[in-house]
Amino acid sequence: MEGVKDFSPTHTFECGQCFRWIKEGDGSYTGVVKGKAANIRFHDGVLVLSNTSLQDFKDLWYDYFDLGRDYSEVKSRISKDGIMRKAVEFGHGIRLLKQEPWEMLISYIISSNNNIPRIKNTIKTLCRLYGAEIRFAGGSHYTFPTVESLASSSIEGLNICGGGYRCKYIAKTSRMVRDHEVCLEKLAGLSTGEARSELMRLPGVGAKVADCVLLYSGTKHDVFPTDVWVKRVMERLYFHRTARFEEIQSFAREYFDGLAGFAQQYLFYYARENKMGVK
DNA sequence: TTGCAGGGGTCAA
DNA sequence: TTGACCCCTGCA
């Protein structure tokens with residue numbers, strides 16, 4: 001696809017919204033989405049996806065990369081002050097991916113009180129053990145495990161993936177989703193508050209994980225996932241004091257007016273890459 | 001090499 | 001509101 005603006009694979013894949021895109025030696029990225037493996041490279045407004053038909057591009061990738069959205073407008077609307085202008089300029093190529101809610105749910109349960117290398121390893125192992133193999137570009141890649149495959153696996157089996165105490169959350173959550181106790185397909189039809197409460201009924205899912213699932217699946221863009229990094233940077237740049245989570249969330253919702261999720265993503269990337277969240 | 005602190009939160013008391 | 005929690009990583 002030509003004439004793509006406001007896009008950088010590095011910004012998009014390294015800004016913290018996904019764990020499974022792998023950077024290749026030539027700067028391109030390889031990943032698996034909905035059972036399709038592909039390699040993506042971007043140069044001078046031209047987006048090249050290998051291993052992809054025109055039909056796949058229309059049915060899958062166009063939506064996945066949120067290519068129908070005018071990010072210039074989003075960015076100008078959230079650039080409300082000097083801080084946000086800097087953050088937006090720094091991460092100018094970020095696009096919020098529309099990933100599968102199920103994959104986001106399990107991935108962000110794993111992310112809690114955890115570090116990034118370990119999160120990535122755990123997800124990778126989970127996919128290798130419970131996903132389906134895809135041969136692509138001379139290597140093995142794996143789909144994200146289905147609800148059924150995780151729900152029917154034993155705790156002992158899941159423990160091998162290295163998720164620690166989160167494995168029991170994965171087991172219980174998988175079974176609840178399989179049994180339609182919580183229906184991920186219905187989240188989009190609920191209000192943001194209702195969708196959040198619904199997700200938080202699942203074990204291992206608190207406010208932060210619920211917000212990540214809603215935002216990174218493209219279901220709701222008015223949430224403001226508040227982790228320690230976002231909390232610290234908001235305290236430092238906006239509050240100039242310690243602030244409570246609820247305080248930060250309500251400020252962000254009001255201040256960014258429905259686009260809080262986009263603002264959070266530029267801020268998080270800016271803060272983390274510049275080590276602004278270190279204590 | 002060995003040892004230790006800490007990590008993109010959640011849960012239970 | 002506070003502490004425990006699996007255990008992998010990174011760094012003395």
Side-chain angles (χ1 to χ4, degrees), chain A residues 11-21 87 90-91 94 96-97 99 101 103-129 150 153-177 181-182 196-217 223-237 242-249 252 260-279:
Chain A
H11 292 173
T12 296
F13 295 136
E14 312 282 354
C15 73
Q17 62 178 322
C18 54
F19 300 104
R20 270 176 22 98
W21 284 90
F90 181 79
I94 291 175
L96 281 181
L97 302 171
Q99 306 174 81
E103 179 172 342
M104 294 302 97
L105 178 59
I106 299 303
S107 298
Y108 283 89
I109 284 175
I110 292 168
S111 82
S112 73
N113 188 32
N114 210 342
N115 48 54
I116 293 171
R118 187 177 168 198
I119 297 167
K120 286 184 172 174
N121 264 326
T122 300
I123 295 173
K124 190 177 170 186
T125 308
L126 209 55
C127 293
R128 188 164 47 79
L129 295 178
L150 291 188
S153 61
S154 67
I155 278 280
E156 293 74 24
L158 287 172
N159 272 328
I160 299 170
C161 74
Y165 62 84
R166 304 165 196 82
C167 290
K168 63 177 183 291
Y169 296 148
I170 295 173
K172 281 188 189 172
T173 286
S174 300
R175 286 164 200 170
M176 285 178 71
V177 172
E181 288 182 51
V182 169
R196 204 167 185 249
S197 305
E198 192 63 9
L199 280 169
M200 286 172 67
R201 292 174 50 218
L202 297 163
V205 181
K208 196 276 183 173
V209 170
D211 285 350
C212 285
V213 173
L214 292 172
L215 182 59
Y216 302 142
S217 62
V223 292
F224 195 77
T226 307
D227 58 33
V228 290
W229 286 89
V230 172
K231 184 170 185 291
R232 286 181 203 146
V233 76
M234 290 298 285
E235 286 172 341
R236 182 165 153 190
L237 300 179
T242 58
R244 298 173 49 191
F245 282 97
E246 296 76 14
E247 209 175 356
I248 293 170
Q249 297 236 321
F262 294 97
Q264 186 271 3
Q265 207 52 38
Y266 292 101
L267 262 178
F268 175 79
Y269 186 57
Y270 178 56
R272 202 192 57 190
E273 296 296 308
N274 293 289
K275 307 236 184 283
M276 297 179 71
V278 289
K279 281 179 268 193

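Chain letters run A, B, ... following the sequence lines, proteins first and then strands; every chain starts at 1.
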Using a cut-off of 4.0 Å on non-hydrogen atoms, how would the nucleic acid contact of [X] be classed: base, sugar-phosphate, or nothing?
X: A:Asn159; answer: nothing
X: A:Val209; answer: sugar-phosphate
X: A:Ile116; answer: base
X: A:Gly206; answer: sugar-phosphate
X: A:Leu202; answer: sugar-phosphate
X: A:Pro203; answer: sugar-phosphate
X: A:Tyr216; answer: base
X: A:Phe245; answer: nothing

- Output yes when A:Glu103 and A:Arg20 qualify as a salt bridge under the 4.0 Å nitrogen-oxygen rule, no when they do not.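 Yes, charged N to carboxylate O under 4.0 Å.
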Spacing of [X] atom [atom1] relative to [N] atom [atom2], expressed in whole Å:
X: A:Gln265; N: B:dG8; atom1: CD; atom2: C1'; result: 11 Å
X: A:Leu105; N: B:dG9; atom1: CG; atom2: P; result: 17 Å
X: A:Lys172; N: B:dT10; atom1: NZ; atom2: P; result: 16 Å
X: A:Tyr165; N: B:dA12; atom1: OH; atom2: P; result: 13 Å
X: A:Lys231; N: B:dG7; atom1: NZ; atom2: P; result: 13 Å
X: A:Met104; N: B:dG8; atom1: CE; atom2: C1'; result: 14 Å
X: A:Tyr108; N: B:dG8; atom1: OH; atom2: P; result: 12 Å
X: A:Asn113; N: B:dG8; atom1: CG; atom2: P; result: 9 Å

- Per the atom types in the model, does the base of B:dG9 pair as donor or acceptor with the side chain of A:Tyr169 at under 3.5 Å?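 Donor-acceptor pair under 3.5 Å: no.
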- Not counting sequence neighbours, which residues clear salt bridge (charged side-chain N to carboxylate O under 4.0 Å, His left out) with A:Lys231? List them please.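 Testing A:Lys231 for salt bridge (charged side-chain N to carboxylate O under 4.0 Å, His left out), a comparison that skips the adjacent residues, returns A:Glu235.
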- Message: If we count only N and O atoms by modelled type, under 3.5 Å, do the side chains of A:Gln249 and A:Thr226 hold a donor and an acceptor together?
- Response: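 Yes - a donor-acceptor pair under 3.5 Å links their side chains.
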- Item | Single hit among A:Tyr269, A:Phe19, A:Trp21 for ring pair (Phe, Tyr, Trp, His ring centres under 6.0 Å) with A:Phe13 |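 When A:Tyr269, A:Phe19, A:Trp21 are each tested with A:Phe13, the ring pair (Phe, Tyr, Trp, His ring centres under 6.0 Å) holds only for A:Trp21.
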- Could you label the plane-to-plane angle of the A:Tyr108 and A:Tyr216 rings as parallel, tilted or perpendicular, counting under 30° as parallel and over 60° as perpendicular?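 Rings of A:Tyr108 and A:Tyr216: tilted, as their planes differ by 30° to 60°.
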- 5' to 3' on DNA chain C, which nucleotides open and close the contacts with chain A (atom under 4.0 Å from a heavy atom)?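 Listing 5' to 3', DNA chain C meets chain A from C:dC5 to C:dT9.
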When you compare [N] with [M], how far apart are their [atom1] atoms, in angstrom units rounded to a whole number?
N: C:dA4; M: B:dA5; atom1: C1'; answer: 16 Å
N: B:dC11; M: C:dC8; atom1: P; answer: 22 Å
N: B:dT10; M: C:dT9; atom1: P; answer: 22 Å
N: B:dG6; M: C:dG3; atom1: C1'; answer: 15 Å

- Item | Given DNA chain B, 5'-ward residue of the pair A:Met200 and A:Phe268, judged by closest heavy atom |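 Going by which nucleotide is closer to the 5' end, it is A:Phe268.
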- Hey, could you give me the CZ/CG distance between A:Phe245 and A:Asp227, rounded to the nearest 0.5 Å?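 Separation between the atoms: 8.0 Å.
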- Nearest 0.5 Å please: distance from the CD1 atom of A:Ile110 over to the CD1 atom of A:Ile170.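 So the gap between those two atoms works out to 4.0 Å.
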- Message: Can you give me the closest heavy-atom contact between A:Ala271 and A:Val233, atom names plus distance?
- Response: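 Scanning both residues, the minimum pair turns out to be CB-CG2, 3.8 Å.
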- Might you point out which heavy atoms bring A:Gly204 and A:Ile109 nearest each other, and give the distance in Å?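 What the structure gives for the nearest pair is O-CG1, 3.8 Å.
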- Task: Answer whether the closest heavy-atom distance between the side chains of A:Asn274 and A:Phe90 falls below 4.5 Å.
- Result: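 Counting from C-beta outward, A:Asn274 and A:Phe90 do come under 4.5 Å.
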- Under a 4.5 Å cut-off applied to non-hydrogen side-chain atoms, are A:Tyr165 and A:Lys168 in contact?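 Heavy-atom side-chain distance check passes, below 4.5 Å.
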- Bracket notation of DNA chain C in which parentheses pair within the strand, [ ] cross earlier pairs, and | pairs with another strand (Watson-Crick or G-U, under 3.5 Å): |||||.||||||
- First encountered from the 5' end of DNA chain C, between A:Gly162 and A:Arg244: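 By nearest-heavy-atom nucleotide position, the 5'-most residue is A:Arg244.
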